[in-house]
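Bear in mind that the values here come from a model prediction, so they are computed numbers and not experimental data.
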Amino acid sequence: MLNKIVDLGISKTEALELIKVSEDIEKDYQKLVDGVPIQYLIGYVDFYGNKINVNKNVLIPRYETELLVDKTISLINEKFDSKVSILDLCTG
């Protein structure tokens, strides 16, 4: 089953996690085929080293957003000498 999940373009790490947490891997595999994001099936997403719980009512953080976080941290460190706090609120 691992290879079938990976063949859908899912990372091996995520596929192994799904196999670990799934109560019915055949049913979950079909959900993947039908386009359900694996993060909804696993129940969480790893974002910038933090485990964020997700379900169908929650937007899944995009991987590209981690690049924006890295860039923001670099710019803050470059431009400011003191501690800076940032609140990202309702930006989707």
Steps toward side chain to side chain contact (heavy atoms under 4.5 Å, CB included) verdict (Y29, L8): CA-CA 10 Å; Y29 173 77; L8 294 175; 3.5 Å; yes

Treat each ILVMFWY residue as a node, draw an edge where side-chain heavy atoms are under 4.5 Å apart, and state whether L75 and L68 are in one component. no

Roughly how far apart are L32 CG and I10 CD1, rounded to 0.5 Å? 5.0 Å

Check for me, please, whether V84 and V69 land in the same ILVMFWY cluster - side-chain distances under 4.5 Å, paths through other members count. no

Find out whether D28 and I38 are in side-chain contact, i.e. whether some heavy atom of one side chain is under 4.5 Å from a heavy atom of the other. no

If you round to the nearest 0.5 Å, how far is CG of N3 from CE of M1? 10.5 Å

Measuring only between side-chain heavy atoms, which start at C-beta, is V45 closer than 4.5 Å to P61? yes

Rounded to the nearest 0.5 Å, what's the gap from CD on Q39 to CD on E14? Could you check? 5.0 Å

If I take atom CD1 from residue I19 and atom CD1 from residue I42, how far apart are they, to the nearest 0.5 angstrom? 10.0 Å

Check: I5 and I25 side chains under 4.5 Å, non-hydrogen atoms: yes

Do Q30 and D34 come within less than 4.5 Å of each other through their side chains, counting heavy atoms only? yes

Side-chain contact test, heavy atoms from C-beta onward, threshold under 4.5 Å: evaluate it for Y44 versus I52 and give yes or no. no

Distance (rounded to the nearest 0.5 Å) between L41 CG and K27 NZ: 10.5 Å

If you measure from CD on E26 to NZ on K4, what distance do you get to the nearest 0.5 Å? 5.5 Å

Side chains of F47 and I60: does their closest heavy-atom pair fall under 4.5 Å? no

Taking CG in D81 as the centre, count heavy atoms belonging to other residues, nucleotides or ligands within less than 6.0 Å. Is the count above 12? no

Does Y48 reach the side chain of I73, with side-chain heavy atoms less than 4.5 Å apart? yes

Min side-chain heavy-atom separation I86-I76 under 4.5 Å: yes

